[in-house]
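Order of the sequence lines fixes the chain letters, A, B, ..., with proteins taken first and strands second; residue numbering starts at 1 for each chain. Just so it is clear, the model here is predicted, and its values are computed rather than measured. Just the heavy atoms: all of them, side chains too, but no hydrogens, waters or symmetry mates, feed the values below.
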Number of protein chains: 2
Amino acid sequence: MAVTLADVAARAGVSAATVSRVLSGNYPVAAHTRGRVLRAVEELEYVVNGPASALAAASSDLVGVLVNDIADPFFGIMASAVQGEIGDRKLAVVCNTGGSPERELTYLTLLQRQRAAAVVVTGGAVEDPEHQAALGARLKRLTEGGARVVLCGRPPMRDEAVGGGTGAAGATGTAAGTEPGAAAGGAPEDAPGGGQVGGRGADGGIVTLAFDNTGGARRLTEHLISLGHRRIGYVAGPAHRTTTRHRLDGHRQALEARGLLADAEALTVHGWAYDRPSGYDGALELLRRGTAPTAVLAANDTVALGVCAALRDQGLRVPEDISVAGFDDFPYSVDAYPALTTVRIPLHSAGARAGRLALGREGAPPGGVATVPAELIVRASTAPPHAFR
Amino acid sequence: MAVTLADVAARAGVSAATVSRVLSGNYPVAAHTRGRVLRAVEELEYVVNGPASALAAASSDLVGVLVNDIADPFFGIMASAVQGEIGDRKLAVVCNTGGSPERELTYLTLLQRQRAAAVVVTGGAVEDPEHQAALGARLKRLTEGGARVVLCGRPPMRDEAVGGGTGAAGATGTAAGTEPGAAAGGAPEDAPGGGQVGGRGADGGIVTLAFDNTGGARRLTEHLISLGHRRIGYVAGPAHRTTTRHRLDGHRQALEARGLLADAEALTVHGWAYDRPSGYDGALELLRRGTAPTAVLAANDTVALGVCAALRDQGLRVPEDISVAGFDDFPYSVDAYPALTTVRIPLHSAGARAGRLALGREGAPPGGVATVPAELIVRASTAPPHAFR
DNA sequence: TTGTAAGCGTTATCAG
DNA sequence: CTGATAACGCTTACAA
């Protein structure tokens, strides 16, 4: 485990500096000198010492990607897209937080330690002010250290959390609430307009790609209502997470607009995760609670599959007896039985954009925040309720 | 972007060496000294400089994970399991090779440059001797540099490729062929017994977790034959990949045992990838080729979903008109329509084991090679052909 | 265009 | 148990 720059230099009959310059390629070197150096590199099978060069250059070619679980398609697709953008020159360090706030912080510190060039944090945030503050602090340190930070799939950090910018450039974006459409339904937590981290352009600001979870959920519930459903169950994701709440918010906005909000509470259950068992158990719980709903919304497609399985096991047909809808439009949702009505979020393109943003290959959106649209996809798992047939 | 060890040392009124010792914790330090140091670290929000310590210690805490595509559940599940094992102390660098040999090599070099502590290479290998040689060379360099290398989901490297061990310890394992059961069917390429990289115990040898693709495929085809199928189509994966070939091998072994090998060739098509479109197009192609098969086997579950979709679009019912089976038993395969008959490979536990092996937390299996079993899972997508009903 | 030399921030070896 | 002090291998002004 040897062969260093010096060895190559010796072999090529040049100085170490020259070899370094040839290898990094950002400095003029005579063609024939470069040739000799390159040959020496080949012959010696020289491979740069990453840590050493990172130390000297005060920068590494690592890009951190925080995900809940890389095996979950929601995160897998985004991570894959990020990876696709950063290509061969940078390396993606993916960290499974399992949705744990502590691990999120731990990994952020680990990435800072590695002097990561950028960090992409994917998926919803935990809505604990304390954690938000700690997170903001970590993120701020990261950006101060020169790392680019991109949030993909969660709302922007509040200024308080991330400790204000240099002042001047930190323009308050145009969005009124945490998420588009949030104002309409009046989720109390969404409170004050503004107060978000602005896009300090290409310099160290945090850039956010928020998902329109609220709007998507609203349209989904509107679809169900227009089909004739009045009692709509909801197997939500884990509580205290932005994704869970925003989707619920959208659902409730749609209900409220039709005066259906009254029993929303009784028709909602929270799962422990965005997984199939949560859907299965949630559906059973909903069925247990007296008058059954005519339709069930799930936290996402995976949960919806669990809901369908539970319903099937109870002898109920989907959508004849009860409609089911998911969220996210995972690749396999079209092949499920029945094909899932859902809300598509362009995870791949969002992840790719996050990757470009992380590399600085794309400019930050105005205000540092962009919203990724969510599109209603109607398939076979939703139909009018019995009464309407 | 400052605060170094020296700063902490100054603040705590000790030497840099002491701070280093407190932080790495592997050296006796007086309790109260440690306390002072720790407080200083807190106050200064000190974060170790990873590259610097990696340089000085000649070791990093990065573990490389090579996958075709992290968005593919086959790889996502394994990567997640690896990640789960390495936990917070090591960081997983996941590299999407897209199945490209060049990128595989490139990433291996990149990981060597980072002085990765270990590398886990997942999924099938490309069966090009030239590439195998290049790959062996890279892997050898890696192990020589002290990195642990684990192959998960592909057959062991040949000794030639990886350039023999120190001799003595490189015992030839007990397996006879590249994969268990391979000998029975007589795939010519599987040729000579032995010749594999032995398990040099805990020291730098390459450890392999091979999947029993051949055995699984054989059992799957036997299942179909026992159902009464005689014309079995096969939408295989990309050619020249071990996974593709081993599964095909198993299929053919089963056919040959019943004298059904004759039109196997005409009933086989190769897709471009292990994806849905390949399944869709492959099924169409199969239908186009004259006498339709009564059952179709797919390269994996994702491909099988594509096959089902194509069949459905052609007005054929699965399994009434034609049976379909997949491979891998992805989480959603049970929820597909119809629920997929498939072969389960315990991807999660295999990945977890690979992770432990990579960390040296688990001893290498005898011979350095272990085979992960594959289990036939019969569900609704396979049934007797018309003639047998 | 190329060489020289001073760091970069830790770890590890030796004394004390 | 603690403190100097060399490495570690590369980058980058600064010279030549």
Undergrad: Rounded to whole Å, please give me the gap between CG in Leu5(A) and C1' in dA6(C).
TA: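 Those two atoms, CG and C1', are 16 Å apart.
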
Undergrad: Take Ile70(B) and Ile70(A) through the test side-chain contact (heavy atoms from CB on, under 4.5 Å) and record every step on the way to the result.
TA: CA-CA 8 Å; Ile70(B) 194 66; Ile70(A) 194 66; 3.2 Å; yes

Undergrad: To the nearest angstrom, how far is Asn49(A) atom CG from dT11(D) atom P?
TA: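 Computing the Asn49(A):CG to dT11(D):P distance gives 9 Å.
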
Undergrad: Using a cut-off of strictly less than 4.0 Å, decide whether Ser15(B) has a side-chain nitrogen or oxygen near OP1 or OP2 of dT2(D).
TA: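 Result: no.
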
Undergrad: With a 3.5 Å cut-off and no angle check, do the side chains of Asp61(B) and Gln114(A) form a donor-acceptor pair?
TA: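 Yes, side-chain donor-acceptor contact under 3.5 Å.
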
Undergrad: Please give, in whole Å, the distance from dA6(C) P to Leu55(A) CG?
TA: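 The answer, rounded to whole Å, is 17 Å.
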
Undergrad: Between Leu111(B) and Leu66(B), does a side-chain contact (heavy atoms from CB on, under 4.5 Å) hold up when you go through it step by step?
TA: CA-CA 10 Å; Leu111(B) 289 168; Leu66(B) 259 59; 3.5 Å; yes

Undergrad: Nearest heavy atom decides the nucleotide; on that basis, is Leu23(B) or Tyr27(B) closer to the 5' end of DNA chain C?
TA: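 Closest to the 5' end, via its nearest nucleotide, is Leu23(B).
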
Undergrad: Need to verify one output field. Residue with the more 5' nearest nucleotide on DNA chain D, Ala57(B) or Val29(B)?
TA: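 Its nearest nucleotide lies further toward 5', so the answer is Val29(B).
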
Undergrad: Rounded to whole angstroms, how far apart are CZ on Arg34(B) and P on dC1(D)?
TA: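 After rounding, the reported distance stands at 10 Å.
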
Undergrad: Run the side-chain contact (heavy atoms from CB on, under 4.5 Å) test on Val119(B) and Leu108(B) for me, step by step, so that the C-alpha distance in whole Å, both residues' side-chain angles and the decisive distance to 0.1 Å come before the verdict.
TA: CA-CA 8 Å; Val119(B) 174; Leu108(B) 250 14; 3.9 Å; yes

Undergrad: Spell out yes or no: do the side chain of Arg21(A) and the base of dG3(C) have one donor N/O and one acceptor N/O closer than 3.5 Å?
TA: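 Yes.
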
Undergrad: Which part of the nucleic acid does Val19(A) contact within heavy-atom distance under 4.0 Å: base, sugar-phosphate only, or nothing?
TA: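 Val19(A): no heavy atom of the nucleic acid under 4.0 Å.
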
Undergrad: Decide whether Ser15(B) and Thr18(B) meet the rule of one side-chain donor and one side-chain acceptor closer than 3.5 Å.
TA: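 There is such a pair (donor and acceptor under 3.5 Å, judged by atom type) between the side chains of Ser15(B) and Thr18(B).
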
Undergrad: Could you say whether Ala16(A) or Ala56(B) is positioned toward the 5' end of DNA chain D, judged by the nucleotide with the nearest heavy atom to each?
TA: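 Nearest nucleotide further toward 5': that of Ala56(B).
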
Undergrad: Tyr46(B) and Leu23(B): side-chain contact (heavy atoms from CB on, under 4.5 Å), yes or no, with the steps?
TA: CA-CA 11 Å; Tyr46(B) 170 68; Leu23(B) 262 26; 3.5 Å; yes

Undergrad: Name the nucleic acid region contacted by Ala17(A), choosing base, sugar-phosphate or nothing; use a 4.0 angstrom heavy-atom cut-off, strictly under.
TA: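 Touches a base.
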
Undergrad: Within the 4.0 Å heavy-atom criterion, would you say Thr33(B) contacts the bases, only the backbone, or no part of the nucleic acid?
TA: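 Counting heavy atoms under 4.0 Å across all strands, the contact made by Thr33(B) is with sugar-phosphate only.
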
Undergrad: Taking five pairs at each end of the helix from dT1(C)-dA16(D) to dG16(C)-dC1(D), what angle separates the two helix axes (nearest 10°)?
TA: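 Axis-to-axis angle, ends of the helix: 30°.
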
Undergrad: Rounding to an integer number of Å, can you tell me how far Arg115(A) CZ sits from dC8(C) C1'?
TA: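 The distance from CZ of Arg115(A) to C1' of dC8(C) comes to 11 Å, rounded to the nearest Å.
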
Undergrad: Tell me whether the OP1 or OP2 atom of dG3(C) has a side-chain N or O from Thr18(A) closer than 4.0 Å.
TA: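 So the side-chain polar atoms of Thr18(A) do come within 4.0 Å of the phosphate oxygens OP1 or OP2 of dG3(C), strictly under.
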
Undergrad: Looking at Glu104(A) and Arg154(A), is there a salt bridge between them, counting it only when a charged N and a carboxylate O are closer than 4.0 Å?
TA: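 Judged by the 4.0 Å cut-off on N to carboxylate O distance, Arg154(A) and Glu104(A) do form a salt bridge.
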
